[in-house]
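Working notes, beginning with the structure itself.
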Amino acid sequence: MFEIFKVIKNQGSQAIPDLRKAEVHFPFRGLPSIKERNCGKCSACADICPSGAITLNPCTLDMGKCIFCGDCERACAENAIEFSNFHGLAATDREGLIIDGRTDKIIFLDRAIKVRNDIQGIFGRSLKLRQVSAGGCNGCEWELNACGNVNFDMGRYGIDIVASPRHADGLLISGPIPSNMARALDDAWHSTPEPKIVILAGACAISGGIFQDSVALDRGFLEKYPVDLYIPGCPVHPLAVVCGIMDFLGI
Amino acid sequence: MNWAVTKNNRVLPLKNIPVLDMVQLRDGIIGKCSRGMRPILFFADRREKSPMLYAALADDDNSRILVSSADISTIKKYNAITPAVPSFHLFERELHEETGIVPEGHPWLKQVRYSWNRFNRAETMENYPFYTMEGEEMHEVAVGPIHAGVIEPGHFRFMCQGEDVYHLEIQLGYQHRGMEDLFVKWKKKSAIHLAESIAGDTVIGHASAYAAAVETLCGTEISRRAQSIRAIALELERLAIHIGDMGAIANDVAYLIGNAVFGATRTIAINTLLAICGSRFGRSLVREGGVLYDISAPLAREIKTNLKKIHDDVTLMGETMFNSAGVLSRLDHTGTVDTDTAKSIGLVGPAARASGVPLDVRTDHPFGIYRYFPVHKLVLYSGDVFARTYVRYMEVKQSIDFIFEQIDNLPADKPLIMETGRQQPACLSISMTEGWRGEIVHAAVTGRSGKIERYKVKDPSFNNWYGLALAVRDNGISDFPLCNKSFNLSYSGHDL
């Protein structure tokens with residue numbers, strides 16, 4: 001018994017008090033920025049990008065495809081692409097994830113999340129999600145688990161992951177959706193009672209990521225059903241997940 | 001000579017590999033395996049006019065790998081190896097799934113992962129031929145593919161007599177992304193990003209194995225400093241996941257303080273990886289030809305401070321947990337895999353070492369910096385959940401000591417990363433790494449131009465899933481989650 005008290009005293013409080021103010025240690029790669037005027041159009045960045053996230057003329061970077069490997073930043077001799085350590089990457093529209101030369105942090109945050117009154121009203125104080133891994137490599141899954149641990153503790157905001165889609169208000173999907181998993185994912189969606197939301201976590205779920213050319217995928221699910229929130233990352237950082245969902249709920 | 005002898009990370013020209021007929025190859029394999037060798041690779045290469053079957057056996061005592069092959073262009077069936085060498089069961093199923101060749105007499109010739117390019121498209125996920133048992137007190141419990149926890153998908157079917165599990169059948173394949181094929185079709189210069197996503201919890205392990213396979217083909221010897229940094233990252237990955245697993249095991253026996261404390265301690269470990277390379281899972285650290293990030297003196301101090309705290313916290317919590325009668329009563333004698341079973345089905349990694357099978361690639365087939373800094377194998381014999389948990393606890397401490405030793409002796413040579421050059425044509429390179437789950441094997445076969453034309457990945461989960469199925473036999477079904485966590489296997493690493 002005394003050993004347990006010793007452990008508790010030694011641990012103290014581990015929770016991050018304000019997740020929005022938390023900063024991730026450099027060299028973490030978060031929100032990128034593009035300096036179009038520096039760009040020499042050499043295409044080194046687009047050539048090296050493993051997931052085809054970069055276009056030239058005009059220069060854009062699609063965070064829905066980006067795996068945040070930083071290869072483009074290293075390849076660019078003109079420092080036209082830079083990753084900041086800002087973790088708040090979630091957006092409610094797919095287009096909102098595309099960064100161009102004009103997008104800075106303020107512009108991105110201004111347009112990224114559109115709070116909907118209906119969602120805020122229904123789920124604002126309690127959102128229960130069912131996580132479905134559909135080809136996720138276990139990176140996003142570990143990070144989504146971490147959202148509920150003593151450090152990030154999203155349960156304190158009423159956001160929880162529950163054991164069954166029947167208990168859930170929505171699906172939290174990771175992975176590029178292999179054909180072998182397509183039916184189970186569809187079943188999970190139908191098993192979730194209305195009203196429900198769909199959140200995509202990670203580059204694989206949002207765009208197929210590095211697997212987008214694989215013939216073993218069936219991403220028809222995303223054409224059938226609406227998506228409410230996109231959380232980029234490879235894997236998603238717990239702060240991006242929790243802060244993204246909080247913003248979405250208007251917390 | 002019916003076998004070519006090679007070593008981990010040594011290039012082997014295809015013309016030096018003997019081509020046997022299927023009977024000779026089978027007899028050779030059975031003979032070698034009866035003398036203590038074990039399969040690490042058994043895969044078909046169908047890209048040329050004459051499809052080949054490559055077999056690689058590990059001779060662990062002598063740090064050698066024996067390779068042979070057979071021309072399978074006209075083979076439709078052969079006598080299965082599995083009845084004589086059970087550890088071949090999944091390898092032969094995989095061969096059958098991909099090529100349609102029938103290993104006759106295989107006890108359970110079912111699909112492995114329903115790969116998109118499987119031979120028989122009529123076999124689908126929905127018509128998997130499950131075993132069934134009938135009887136008055138028999139019942140079946142089906143779980144998955146979507147599980148209650150936040151984990152990857154897979155289907156478990158328990159055949160139970162009352163509360164006791166008679167047999168567990170595991171159906172996988174839901175995670176199949178066509179990984180091996182993507183390696184070959186990859187258009188970008190580096191496919192390391194694919195390797196990092198084979199199993200996202202084993203980023204360093206798989207990326208190191210892939211990088212070493214390519215470096216071997218190119219004849220590149222990376223700098224000692226880069227080797228050391230890779231090993232530091234590999235051990236950080238190992239201890240982080242092991243600590244997370246100990247927390248998950250504590251959670252499954254309702255020892256919640258263990259879950260909370262190990263969870264928080266794991267955060268320190270993965271944030272240490274983030275401090276090195278910007279990713280909590282070690283992405284973008286390992287590249288062909290070296291590593292992208294250095295460990296500077298201030299960073300080395302930060303890593304040491306973090307490790308000291310991890311060591312103290314894990315020790316305090318671990319000693320408390322392993323002295324709790326309530327915890328021990330759940331871990332002891334639960335999910336036992338005895339030594340003979342573990343050996344015969346070919347377990348690897350901590351699961352094997354907990355069952356008294358001393359296998360560790362770091363010692364048996366040393367690679368990178370482990371050639372100069374050997375690791376002592378940590379082995380327990382009871383083969384139960386306790387042993388698999390305690391092996392992890394010991395390995396966490398061993399990894400911490402190892403990292404301290406590396407950081408204090410970080411070689412000063414350069415460069416951190418070098419150009420790898422051209423890959424040798426018509427060669428096979430086998431690359432083995434000890435990830436936290438156990439033995440990772442990658443094999444690359446190059447064509448005439450030097451381009452990789454067949455890439456084979458074997459995650460340790462491929463060996464160990466069947467161990468879980470055997471571990472839960474004669475246990476209460478309610479102990480399944482505990483057994484499962486004590487193995488903590490990868491679905492995506494298996495399904496590829």
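Labels below follow one simple rule: chain letters A, B, ... track the order of the sequence lines, proteins then strands, and each chain is numbered from 1. Just so you know, these numbers use all the heavy atoms, side chains as well, and skip hydrogens, waters and symmetry mates.
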Around atom CD of E23(A), are there more than 12 heavy atoms from other residues, nucleotides or ligands closer than 6.0 Å?
no
Please say whether more than 12 non-hydrogen atoms of neighbouring residues, nucleotides or ligands are located less than 6.0 Å from NZ in K309(B).
yes
Is the backbone of C69(A) close enough, under 3.5 Å, to the side chain of S284(B) for a donor and an acceptor to pair up by distance?
yes
Ion pair check, R118(B) and E98(B), cut-off under 4.0 Å:
no
Please state whether the side chain, the backbone, both or neither of A146(A) comes within less than 4.5 Å of a heavy atom of chain B.
side chain
Who wins among I177(A), L144(A), D47(A) for the most heavy-atom pairs under 4.5 Å with chain B?
D47(A)
Answer key: most heavy-atom pairs under 4.5 Å with chain B among G148(A), C49(A), G233(A), G30(A) is C49(A)
Heavy-atom neighbours of R20(A) CZ exceed 12 at 6.0 Å
yes
Can you tell which of L217(A), N149(A), V215(A) has the highest number of heavy-atom pairs within less than 4.5 Å of chain B?
V215(A)
Residue part contacting chain A, namely of F281(B), when any heavy atom lies under 4.5 Å
side chain
Can you say whether L182(B) sits under 4.5 Å from chain A via the side chain, the backbone, both, or neither, judging by heavy atoms?
side chain
Are H242(B) and E237(B) close enough that a side-chain donor and a side-chain acceptor fall under 3.5 Å?
no
Identify which part of P176(A) has an atom lying under 4.5 Å from any heavy atom of chain B, answering side chain, backbone, both or neither.
side chain
Under 4.5 Å heavy-atom distance to chain A, tell me which part of K188(B) shows up: side chain, backbone, both or neither.
side chain
How close do G155(A) and D160(A) get, heavy atom to heavy atom, and via which atoms?
CA-OD1, 3.7 Å
Specify which of Q175(B), M317(B), M179(B), R287(B) makes the most heavy-atom pairs with chain A at under 4.5 Å.
Q175(B)
Just by distance, no angles: are the side chains of E97(B) and S115(B) close enough, under 3.5 Å, to form a donor-acceptor pair?
yes
Measure distances from I192(B) to the heavy atoms of chain A and classify the residue's part below 4.5 Å as side chain, backbone, both or neither.
neither
At a heavy-atom separation under 4.5 Å, does L172(A) approach chain B through its side chain, its backbone, both, or neither?
neither
Would you call K128(A)-D169(A) a salt bridge at under 4.0 Å N-O?
no
Decide if atom CD of E419(B) counts as having more than 12 heavy atoms of other residues, nucleotides or ligands within a radius under 6.0 Å.
no
Check each atom of Y255(B) against the heavy atoms of chain A and say whether the ones under 4.5 Å are side chain, backbone, both or neither.
side chain
Okay, P165(A) and chain B: the region with an atom under 4.5 Å from a heavy atom over there is neither
What part of I257(B) lies closer than 4.5 angstrom to a heavy atom of chain A: side chain, backbone, both or neither?
side chain
Distance, nearest 0.5 Å, that separates CZ of R29(A) from CD of E82(A)
13.5 Å
Contact origin within M321(B) toward chain A - heavy atom pairs under 4.5 Å
neither
Indicate the atoms forming the closest heavy-atom contact of I34(A) with L61(A), along with that distance.
CD1-N, 3.7 Å
Would you mind checking which part of V7(A) comes under 4.5 Å of any heavy atom in chain B, side chain (CB onward), backbone (N, CA, C, O), both or neither?
both
Within a reach of under 6.0 Å around CZ of R74(A), are more than 12 heavy atoms found that belong to other residues, nucleotides or ligands?
yes
Would you mind checking which part of Y491(B) comes under 4.5 Å of any heavy atom in chain A, side chain (CB onward), backbone (N, CA, C, O), both or neither?
neither
Per-residue tally against chain B (heavy atom, under 4.5 Å) across Q131(A), Q14(A), R183(A), H25(A) peaks at H25(A)
Where the side chain of R130(A) meets the backbone of V162(A), is there a donor-acceptor pair that is under 3.5 Å apart?
yes
Selection from G209(A), A188(A), A163(A), G139(A) maximising heavy-atom pairs under 4.5 Å formed with chain B:
A163(A)
So which residue, T124(B), V261(B), N259(B), ends up with the most heavy-atom pairs under 4.5 Å with chain A?
V261(B)
Segment of D187(A) engaging chain B (4.5 angstrom heavy-atom cut-off)
neither
Just by distance, no angles: are the side chains of T272(B) and N306(B) close enough, under 3.5 Å, to form a donor-acceptor pair?
yes
Using a cut-off of under 4.5 Å on heavy-atom pairs, state which of G244(B), C277(B), A260(B), A199(B) scores highest against chain A.
C277(B)
Given that the side chain runs from C-beta out, which part of R283(B) has a heavy atom under 4.5 Å from chain A: side chain, backbone, both or neither?
both
Look at G263(B), G173(B), G493(B) and state which one has the largest set of heavy-atom pairs under 4.5 Å with chain A.
G173(B)
One option among F28(A), F68(A), F152(A) has the most heavy-atom pairs under 4.5 Å with chain B, and it is F28(A)
If every non-hydrogen atom of R177(B) is compared with every non-hydrogen atom of G135(A), which pair is closest and at what distance?
CD-O, 3.5 Å
Chain B contact via F83(A) - which portion, at a heavy-atom distance below 4.5 Å:
neither
With a 4.5 angstrom heavy-atom cut-off, is it the side chain or the backbone of E319(B) that approaches chain A, or both, or neither?
neither
Under 4.5 Å from any heavy atom of chain B, what part of I67(A) do you find: side chain, backbone, both or neither?
side chain
Would you say R113(B)'s side chain and D495(B)'s backbone share a donor-acceptor pair under 3.5 angstrom?
yes
So what's closer than 4.5 Å to chain B heavy atoms on C140(A): side chain, backbone, both or neither?
neither
Taking side chain as everything from C-beta outward and backbone as N, CA, C, O, which of these in S164(A) sits under 4.5 Å from a heavy atom of chain B? Side chain, backbone, both or neither.
neither
